Visitor: 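Mind having a look at this structure? Questions to follow.
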There are 2 protein chains.
Amino acid sequence: MTLDEGKQKFLQSWGALGSSWGINRTMAQIHALLLISPEALSADEIMDELMISRGNANMNIRALIDWGLVYKELKAGERKEFFVAEKDMWEVVKCIITERKKRELEPMLKIMDELSSVPETDERSEAFVKVIRDIKLFGSKADSTLDTLTKSDSNWFVGTFMKMIR
Amino acid sequence: MTLDEGKQKFLQSWGALGSSWGINRTMAQIHALLLISPEALSADEIMDELMISRGNANMNIRALIDWGLVYKELKAGERKEFFVAEKDMWEVVKCIITERKKRELEPMLKIMDELSSVPETDERSEAFVKVIRDIKLFGSKADSTLDTLTKSDSNWFVGTFMKMIR
DNA sequence: CGCAGATTTCAGTAAAATCTGAAAGCTTAT
DNA sequence: ATAAGCTTTCAGATTTTACTGAAATCTGCG
(Lines give C-alpha, C1' and ligand atoms only; values in the text may rest on other atoms or scores of the structure.)
Protein backbone atom coordinates (compact mmCIF):
# COMPACT_ATOMS: atom_id res chain seq x y z
CA MET A 1 0.00 0.00 0.00
CA THR A 2 1.35 3.43 -0.93
CA LEU A 3 1.45 6.40 1.45
CA ASP A 4 -1.31 8.17 -0.45
CA GLU A 5 -3.60 5.17 -0.44
CA GLY A 6 -2.89 4.60 3.23
CA LYS A 7 -3.47 8.21 4.06
CA GLN A 8 -6.82 8.24 2.28
CA LYS A 9 -7.86 5.09 4.04
CA PHE A 10 -6.79 6.47 7.40
CA LEU A 11 -8.66 9.77 6.93
CA GLN A 12 -11.66 7.77 5.86
CA SER A 13 -11.69 5.33 8.79
CA TRP A 14 -10.80 7.85 11.46
CA GLY A 15 -13.71 9.94 10.19
CA ALA A 16 -16.07 6.98 10.35
CA LEU A 17 -14.90 6.08 13.84
CA GLY A 18 -15.56 9.63 14.97
CA SER A 19 -19.14 9.47 13.71
CA SER A 20 -19.97 6.52 15.92
CA TRP A 21 -18.60 8.46 18.87
CA GLY A 22 -20.68 11.58 18.41
CA ILE A 23 -17.84 13.51 16.78
CA ASN A 24 -18.52 14.77 13.33
CA ARG A 25 -16.74 13.23 10.40
CA THR A 26 -14.91 16.39 9.34
CA MET A 27 -13.62 17.14 12.80
CA ALA A 28 -12.24 13.63 13.07
CA GLN A 29 -10.68 13.89 9.63
CA ILE A 30 -8.95 17.15 10.41
CA HIS A 31 -7.62 15.53 13.54
CA ALA A 32 -6.42 12.52 11.54
CA LEU A 33 -4.77 14.75 8.98
CA LEU A 34 -2.88 16.72 11.61
CA LEU A 35 -1.91 13.55 13.44
CA ILE A 36 -0.02 12.18 10.48
CA SER A 37 1.42 15.47 9.35
CA PRO A 38 5.08 16.02 10.33
CA GLU A 39 4.65 19.82 10.29
CA ALA A 40 1.96 22.21 11.31
CA LEU A 41 -0.65 22.89 8.62
CA SER A 42 -2.46 26.11 7.77
CA ALA A 43 -6.22 26.35 7.41
CA ASP A 44 -5.76 26.56 3.63
CA GLU A 45 -3.77 23.37 3.51
CA ILE A 46 -6.44 21.58 5.52
CA MET A 47 -9.24 22.91 3.29
CA ASP A 48 -7.32 21.76 0.28
CA GLU A 49 -6.44 18.33 1.51
CA LEU A 50 -9.94 17.48 2.73
CA MET A 51 -11.79 19.51 0.10
CA ILE A 52 -13.90 21.41 2.57
CA SER A 53 -14.91 25.06 2.80
CA ARG A 54 -13.14 27.70 4.81
CA GLY A 55 -16.05 28.00 7.24
CA ASN A 56 -16.22 24.30 7.86
CA ALA A 57 -12.48 24.04 8.38
CA ASN A 58 -12.42 26.97 10.74
CA MET A 59 -15.28 25.74 12.89
CA ASN A 60 -13.94 22.25 13.27
CA ILE A 61 -10.40 23.42 13.97
CA ARG A 62 -11.78 25.61 16.77
CA ALA A 63 -13.68 22.67 18.15
CA LEU A 64 -10.52 20.55 18.17
CA ILE A 65 -8.70 23.33 19.99
CA ASP A 66 -11.53 23.47 22.55
CA TRP A 67 -11.14 19.75 23.11
CA GLY A 68 -7.44 20.33 23.65
CA LEU A 69 -6.53 17.97 20.82
CA VAL A 70 -4.99 20.58 18.55
CA TYR A 71 -2.76 23.57 19.21
CA LYS A 72 -2.30 26.79 17.31
CA GLU A 73 1.25 27.42 16.18
CA LEU A 74 2.62 30.71 14.87
CA LYS A 75 5.50 30.53 12.43
CA ALA A 76 8.05 33.33 12.49
CA GLY A 77 7.54 35.75 9.64
CA GLU A 78 4.15 34.27 8.73
CA ARG A 79 0.92 35.95 9.47
CA LYS A 80 -1.12 32.80 8.98
CA GLU A 81 -1.95 30.46 11.82
CA PHE A 82 -0.72 26.89 11.67
CA PHE A 83 -2.07 23.93 13.56
CA VAL A 84 -0.52 20.85 15.12
CA ALA A 85 -2.19 17.88 16.76
CA GLU A 86 -1.21 16.37 20.06
CA LYS A 87 0.64 13.27 18.90
CA ASP A 88 1.03 11.33 22.13
CA MET A 89 -1.79 8.80 22.06
CA TRP A 90 -2.05 8.64 25.82
CA GLU A 91 -2.45 12.43 25.96
CA VAL A 92 -5.07 12.25 23.24
CA VAL A 93 -7.06 9.66 25.13
CA LYS A 94 -6.74 11.56 28.41
CA CYS A 95 -7.99 14.66 26.67
CA ILE A 96 -11.03 12.89 25.33
CA ILE A 97 -11.80 11.21 28.64
CA THR A 98 -11.48 14.49 30.52
CA GLU A 99 -13.69 16.42 28.14
CA ARG A 100 -16.40 13.80 27.82
CA LYS A 101 -16.43 13.29 31.55
CA LYS A 102 -16.94 17.02 32.01
CA ARG A 103 -19.51 17.37 29.24
CA GLU A 104 -21.53 14.22 29.77
CA LEU A 105 -20.84 12.18 32.87
CA GLU A 106 -20.89 15.06 35.34
CA PRO A 107 -24.07 16.74 34.04
CA MET A 108 -25.71 13.32 33.94
CA LEU A 109 -24.87 12.66 37.59
CA LYS A 110 -26.31 16.03 38.48
CA ILE A 111 -29.58 15.12 36.80
CA MET A 112 -29.67 11.74 38.56
CA ASP A 113 -29.36 13.61 41.82
CA GLU A 114 -32.41 15.69 41.08
CA LEU A 115 -34.31 12.62 39.93
CA SER A 116 -33.63 10.66 43.08
CA SER A 117 -35.94 13.02 44.94
CA VAL A 118 -38.99 11.29 43.45
CA PRO A 119 -40.99 9.82 46.37
CA GLU A 120 -41.19 6.03 46.50
CA THR A 121 -44.88 5.40 46.95
CA ASP A 122 -45.57 2.37 44.80
CA GLU A 123 -43.92 -0.30 42.70
CA ARG A 124 -43.41 1.99 39.76
CA SER A 125 -41.77 4.78 41.69
CA GLU A 126 -39.64 2.28 43.62
CA ALA A 127 -38.37 0.77 40.38
CA PHE A 128 -37.71 4.25 39.07
CA VAL A 129 -35.69 5.38 42.06
CA LYS A 130 -33.77 2.12 42.15
CA VAL A 131 -32.61 2.60 38.57
CA ILE A 132 -31.65 6.20 39.23
CA ARG A 133 -29.66 5.19 42.32
CA ASP A 134 -27.88 2.41 40.45
CA ILE A 135 -26.93 4.73 37.64
CA LYS A 136 -25.71 7.30 40.14
CA LEU A 137 -23.67 4.73 42.02
CA PHE A 138 -22.14 3.35 38.90
CA GLY A 139 -21.55 6.77 37.44
CA SER A 140 -19.77 8.02 40.54
CA LYS A 141 -17.45 5.04 40.55
CA ALA A 142 -16.71 5.58 36.89
CA ASP A 143 -16.12 9.26 37.57
CA SER A 144 -13.51 8.69 40.22
CA THR A 145 -11.91 5.83 38.31
CA LEU A 146 -11.53 8.04 35.25
CA ASP A 147 -10.10 10.79 37.43
CA THR A 148 -7.44 8.46 38.70
CA LEU A 149 -6.78 7.17 35.23
CA THR A 150 -6.28 10.61 33.69
CA LYS A 151 -3.90 11.55 36.46
CA SER A 152 -1.69 8.55 35.94
CA ASP A 153 0.90 8.41 33.19
CA SER A 154 1.16 6.44 30.02
CA ASN A 155 3.72 3.93 31.25
CA TRP A 156 1.60 3.15 34.20
CA PHE A 157 -1.28 2.38 31.93
CA VAL A 158 0.46 0.30 29.35
CA GLY A 159 2.70 -1.40 31.90
CA THR A 160 1.56 -1.85 35.46
CA PHE A 161 -2.14 -1.63 34.94
CA MET A 162 -2.11 -4.42 32.42
CA LYS A 163 -0.33 -6.73 34.80
CA MET A 164 -2.40 -5.77 37.80
CA ILE A 165 -5.64 -6.39 36.07
CA ARG A 166 -4.79 -9.84 34.70
CA MET B 1 -40.48 16.08 41.83
CA THR B 2 -43.29 13.72 40.93
CA LEU B 3 -42.80 10.34 39.30
CA ASP B 4 -44.22 11.57 36.01
CA GLU B 5 -42.03 14.62 35.89
CA GLY B 6 -39.02 12.56 36.83
CA LYS B 7 -39.82 9.94 34.26
CA GLN B 8 -40.11 12.54 31.51
CA LYS B 9 -36.85 14.09 32.51
CA PHE B 10 -35.14 10.73 32.63
CA LEU B 11 -36.41 9.68 29.19
CA GLN B 12 -35.29 13.04 27.89
CA SER B 13 -31.78 12.99 29.32
CA TRP B 14 -31.09 9.35 28.61
CA GLY B 15 -32.09 10.07 25.02
CA ALA B 16 -29.75 13.05 24.84
CA LEU B 17 -26.90 11.06 26.35
CA GLY B 18 -27.42 8.35 23.76
CA SER B 19 -27.12 10.89 20.94
CA SER B 20 -23.69 11.97 22.00
CA TRP B 21 -22.63 8.33 22.03
CA GLY B 22 -23.73 7.50 18.52
CA ILE B 23 -26.95 5.81 19.67
CA ASN B 24 -30.11 7.28 18.33
CA ARG B 25 -32.39 9.19 20.64
CA THR B 26 -35.36 6.86 20.27
CA MET B 27 -33.35 3.73 20.90
CA ALA B 28 -31.96 5.26 24.08
CA GLN B 29 -35.43 6.36 25.16
CA ILE B 30 -36.92 2.92 24.66
CA HIS B 31 -34.08 1.57 26.73
CA ALA B 32 -34.72 4.14 29.43
CA LEU B 33 -38.42 3.38 29.45
CA LEU B 34 -37.84 -0.35 29.84
CA LEU B 35 -35.20 0.24 32.50
CA ILE B 36 -37.63 1.97 34.82
CA SER B 37 -40.59 -0.23 34.05
CA PRO B 38 -41.31 -2.89 36.70
CA GLU B 39 -42.96 -5.17 34.13
CA ALA B 40 -42.32 -6.09 30.55
CA LEU B 41 -43.92 -3.76 28.00
CA SER B 42 -45.47 -4.55 24.63
CA ALA B 43 -44.59 -2.73 21.43
CA ASP B 44 -47.91 -0.89 21.65
CA GLU B 45 -47.24 0.36 25.13
CA ILE B 46 -43.84 1.63 24.04
CA MET B 47 -45.31 3.36 20.97
CA ASP B 48 -47.87 4.96 23.17
CA GLU B 49 -45.59 6.12 25.90
CA LEU B 50 -42.99 7.62 23.56
CA MET B 51 -45.43 8.68 20.85
CA ILE B 52 -43.58 6.97 18.05
CA SER B 53 -44.70 4.90 15.08
CA ARG B 54 -44.92 1.15 14.99
CA GLY B 55 -42.07 0.88 12.50
CA ASN B 56 -39.78 3.07 14.53
CA ALA B 57 -40.57 1.18 17.73
CA ASN B 58 -40.01 -2.17 16.09
CA MET B 59 -36.68 -1.25 14.53
CA ASN B 60 -35.22 0.23 17.66
CA ILE B 61 -36.43 -2.62 19.86
CA ARG B 62 -34.69 -5.05 17.50
CA ALA B 63 -31.54 -3.01 17.68
CA LEU B 64 -31.63 -3.10 21.49
CA ILE B 65 -32.08 -6.86 21.37
CA ASP B 66 -29.08 -7.11 19.02
CA TRP B 67 -27.02 -5.16 21.52
CA GLY B 68 -28.14 -7.59 24.20
CA LEU B 69 -29.66 -4.81 26.29
CA VAL B 70 -33.25 -5.94 25.96
CA TYR B 71 -34.90 -9.36 26.02
CA LYS B 72 -38.08 -10.62 24.48
CA GLU B 73 -40.53 -12.05 26.97
CA LEU B 74 -43.59 -14.12 26.13
CA LYS B 75 -46.49 -13.96 28.53
CA ALA B 76 -48.63 -17.05 28.91
CA GLY B 77 -51.90 -16.76 27.05
CA GLU B 78 -50.77 -13.64 25.17
CA ARG B 79 -49.83 -13.61 21.55
CA LYS B 80 -48.03 -10.28 21.81
CA GLU B 81 -44.35 -10.01 22.54
CA PHE B 82 -43.25 -8.16 25.63
CA PHE B 83 -39.87 -6.63 26.29
CA VAL B 84 -37.71 -6.24 29.38
CA ALA B 85 -34.41 -4.44 29.79
CA GLU B 86 -31.38 -5.82 31.52
CA LYS B 87 -31.51 -3.95 34.81
CA ASP B 88 -28.13 -4.72 36.30
CA MET B 89 -26.02 -1.69 35.49
CA TRP B 90 -22.79 -3.63 35.41
CA GLU B 91 -24.31 -6.03 32.88
CA VAL B 92 -25.54 -3.10 30.82
CA VAL B 93 -22.10 -1.56 30.73
CA LYS B 94 -20.43 -4.89 29.94
CA CYS B 95 -22.87 -5.35 27.08
CA ILE B 96 -22.07 -1.96 25.65
CA ILE B 97 -18.33 -2.42 26.01
CA THR B 98 -18.46 -5.84 24.38
CA GLU B 99 -20.52 -4.67 21.44
CA ARG B 100 -18.60 -1.49 20.76
CA LYS B 101 -15.34 -3.34 21.07
CA LYS B 102 -16.56 -5.83 18.50
CA ARG B 103 -18.06 -3.24 16.18
CA GLU B 104 -15.44 -0.51 16.39
CA LEU B 105 -12.21 -1.31 18.17
CA GLU B 106 -11.56 -4.62 16.47
CA PRO B 107 -12.29 -3.49 12.89
CA MET B 108 -10.18 -0.40 13.57
CA LEU B 109 -7.21 -2.49 14.67
CA LYS B 110 -7.58 -4.57 11.55
CA ILE B 111 -7.38 -1.46 9.40
CA MET B 112 -4.33 -0.22 11.31
CA ASP B 113 -2.67 -3.53 10.51
CA GLU B 114 -3.20 -3.03 6.81
CA LEU B 115 -2.03 0.56 7.04
CA SER B 116 1.22 -0.29 8.75
CA SER B 117 2.41 -1.87 5.51
CA VAL B 118 3.06 1.57 4.02
CA PRO B 119 6.82 1.76 3.28
CA GLU B 120 8.78 4.30 5.32
CA THR B 121 10.71 6.17 2.65
CA ASP B 122 10.63 9.77 3.85
CA GLU B 123 9.63 12.01 6.73
CA ARG B 124 5.98 11.97 5.79
CA SER B 125 5.68 8.21 5.54
CA GLU B 126 7.68 7.76 8.73
CA ALA B 127 5.33 10.06 10.62
CA PHE B 128 2.39 8.21 9.13
CA VAL B 129 3.59 4.77 10.13
CA LYS B 130 4.53 5.99 13.60
CA VAL B 131 1.00 7.23 14.23
CA ILE B 132 -0.49 4.00 12.92
CA ARG B 133 1.81 1.93 15.16
CA ASP B 134 0.96 4.04 18.21
CA ILE B 135 -2.72 3.69 17.60
CA LYS B 136 -2.33 -0.03 17.13
CA LEU B 137 -0.30 -0.39 20.30
CA PHE B 138 -2.71 1.64 22.34
CA GLY B 139 -5.70 -0.05 20.80
CA SER B 140 -4.40 -3.52 21.53
CA LYS B 141 -3.79 -2.63 25.15
CA ALA B 142 -7.28 -1.21 25.41
CA ASP B 143 -8.66 -4.30 23.75
CA SER B 144 -7.15 -6.71 26.23
CA THR B 145 -7.90 -4.46 29.18
CA LEU B 146 -11.55 -4.31 28.17
CA ASP B 147 -11.59 -8.07 27.73
CA THR B 148 -10.38 -8.54 31.26
CA LEU B 149 -12.82 -5.97 32.53
CA THR B 150 -15.86 -7.56 30.90
CA LYS B 151 -14.90 -10.92 32.29
CA SER B 152 -14.70 -9.69 35.85
CA ASP B 153 -17.75 -9.20 38.00
CA SER B 154 -19.46 -6.15 39.35
CA ASN B 155 -18.17 -6.45 42.90
CA TRP B 156 -14.68 -6.69 41.64
CA PHE B 157 -15.15 -3.51 39.70
CA VAL B 158 -16.79 -1.39 42.33
CA GLY B 159 -14.68 -2.85 45.10
CA THR B 160 -11.20 -4.11 44.40
CA PHE B 161 -10.50 -2.19 41.25
CA MET B 162 -11.18 1.09 42.91
CA LYS B 163 -8.73 0.33 45.68
CA MET B 164 -6.09 -1.07 43.39
CA ILE B 165 -6.10 1.91 41.16
CA ARG B 166 -5.79 4.52 43.86
C1' DC C 1 -5.51 55.86 9.64
C1' DG C 2 -6.23 52.62 5.94
C1' DC C 3 -5.67 48.55 3.77
C1' DA C 4 -4.01 43.79 2.95
C1' DG C 5 -4.08 39.44 4.68
C1' DA C 6 -6.19 36.55 7.63
C1' DT C 7 -10.07 34.62 10.61
C1' DT C 8 -14.85 34.28 12.16
C1' DT C 9 -19.67 34.21 11.65
C1' DC C 10 -24.00 32.85 9.91
C1' DA C 11 -28.05 32.59 6.74
C1' DG C 12 -29.18 29.59 3.40
C1' DT C 13 -28.45 25.07 1.33
C1' DA C 14 -27.23 20.33 1.14
C1' DA C 15 -26.72 15.91 3.05
C1' DA C 16 -27.51 12.49 6.39
C1' DA C 17 -30.17 10.35 9.77
C1' DT C 18 -34.39 9.17 11.49
C1' DC C 19 -39.33 8.36 11.40
C1' DT C 20 -43.87 7.22 9.43
C1' DG C 21 -47.46 4.46 7.75
C1' DA C 22 -49.13 1.28 4.90
C1' DA C 23 -48.43 -3.08 2.82
C1' DA C 24 -46.41 -7.55 3.08
C1' DG C 25 -45.13 -11.39 5.93
C1' DC C 26 -45.57 -14.48 9.78
C1' DT C 27 -48.02 -17.45 13.30
C1' DT C 28 -51.50 -19.60 15.58
C1' DA C 29 -56.20 -21.04 16.52
C1' DT C 30 -59.95 -22.94 14.58
C1' DA D 1 -57.12 -23.55 4.64
C1' DT D 2 -57.92 -19.11 6.30
C1' DA D 3 -58.45 -15.25 9.03
C1' DA D 4 -57.17 -12.51 13.03
C1' DG D 5 -53.55 -10.57 15.39
C1' DC D 6 -48.88 -9.32 15.45
C1' DT D 7 -44.36 -8.20 13.49
C1' DT D 8 -41.37 -6.68 9.87
C1' DT D 9 -40.04 -4.01 6.01
C1' DC D 10 -39.14 -0.05 3.32
C1' DA D 11 -40.12 4.02 0.11
C1' DG D 12 -40.98 8.46 0.88
C1' DA D 13 -41.46 12.36 4.19
C1' DT D 14 -39.54 14.75 7.87
C1' DT D 15 -36.24 16.30 10.99
C1' DT D 16 -31.66 17.05 12.33
C1' DT D 17 -27.08 17.97 11.49
C1' DA D 18 -23.37 19.61 8.83
C1' DC D 19 -21.43 22.53 5.10
C1' DT D 20 -20.84 26.43 2.01
C1' DG D 21 -19.58 30.89 0.63
C1' DA D 22 -19.70 35.46 1.12
C1' DA D 23 -19.84 39.28 4.19
C1' DA D 24 -18.26 40.99 8.54
C1' DT D 25 -14.67 41.32 11.64
C1' DC D 26 -10.13 41.27 13.29
C1' DT D 27 -4.93 42.25 13.20
C1' DG D 28 -0.98 44.57 12.64
C1' DC D 29 2.02 46.98 9.46
C1' DG D 30 3.37 51.07 6.62
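Residue numbers begin at 1 in each chain, while the letters A, B, ... track the order of the sequences. Every value quoted in this text rests on a predicted model; they were computed, and no experiment measured them. Excluded from the calculations below are hydrogen atoms, water molecules and symmetry mates; all remaining heavy atoms, backbone and side chain alike, are included.
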Visitor: Hey, is K87(B) close enough to D134(A) for a salt bridge, meaning N to O under 4.0 Å?
Guide: no

Visitor: Measure CE/M51(A) against P/dG21(D) and give the value in whole Å, please.
Guide: 13 Å

Visitor: How many whole angstroms separate atom CE of M59(A) from atom C1' of dA24(D)?
Guide: 15 Å

Visitor: Does R103(A) qualify as a cation-pi partner of W67(A), given the criterion of NZ or CZ under 6.0 Å from the six-membered ring centre and within 45 degrees of its axis?
Guide: yes

Visitor: How would DNA chain D look in dot-bracket form, 5' to 3', counting Watson-Crick and G-U wobble pairs with both distances under 3.5 Å and writing | for bases paired to another strand?
Guide: ||||||||||||||||||||||||||||||

Visitor: Can you measure E81(A) atom CD to dG5(C) atom P for me and round it to whole angstrom units?
Guide: 17 Å

Visitor: Send over the distance from L50(B) CG to dT20(C) P, rounded to a whole Å.
Guide: 10 Å

Visitor: Can you check the R62(B) CZ to dG25(C) C1' distance for me, whole Å?
Guide: 14 Å

Visitor: Would you indicate which nucleotide in dT7(D), dC19(C), dT20(D) comes nearest to any side-chain atom of N56(A)?
Guide: dT20(D)

Visitor: Return the value, rounded to whole Å, for the distance between atom NZ of K72(B) and atom C1' of dT8(D).
Guide: 11 Å

Visitor: Starting at the 5' end of DNA chain C and moving along, which residue's nearest nucleotide shows up first, N24(B) or R54(A)?
Guide: R54(A)

Visitor: Under a 4.0 Å N-O cut-off, is there an ion pair linking R62(B) with E81(B)?
Guide: yes

Visitor: Would you give me the side-chain donor-acceptor pairs under 3.5 Å for residues 8-18 of chain B, sequence neighbours excluded?
Guide:
| residue | atom | partner | partner atom | Å |
| --- | --- | --- | --- | --- |
| K9(B) | NZ | E114(A) | OE1 | 2.6 |
| S13(B) | OG | K9(B) | O | 2.6 |
| W14(B) | NE1 | H31(B) | ND1 | 3.3 |

Visitor: On the six-membered ring of W21(B), is R100(A) placed so that its NZ or CZ lies under 6.0 angstrom from the centre and within 45° of the ring axis?
Guide: yes

Visitor: Figure out the CD1/C1' separation between I46(A) and dA6(C), and round it to whole Å.
Guide: 14 Å

Visitor: Among side-chain atoms of Q29(B) and T26(B), is any donor-acceptor pair under 3.5 angstrom?
Guide: no

Visitor: For T26(A) and for R79(A), locate the closest nucleotide of DNA chain D by heavy-atom distance; then report the residue assigned to the nucleotide nearer the 5' terminus.
Guide: T26(A)

Visitor: With DNA chain C as reference, determine whether K80(A) or G55(A) sits nearer its 5' end, using the nearest nucleotide of each.
Guide: K80(A)

Visitor: So does K110(B) have more than 12 non-hydrogen atoms from other groups sitting under 6.0 Å from NZ?
Guide: no

Visitor: Distance check needed: dG5(C) C1' versus F82(A) CZ, whole Å only.
Guide: 13 Å

Visitor: For R25(B), answer base if it contacts any base atom (sugar-phosphate contacts may also be present), sugar-phosphate if it contacts only those atoms, and nothing otherwise; contact means non-hydrogen atoms under 4.0 Å.
Guide: nothing

Visitor: Does a side-chain N or O from N58(B) land closer than 4.0 Å to OP1 or OP2 of dT7(D), or not?
Guide: no

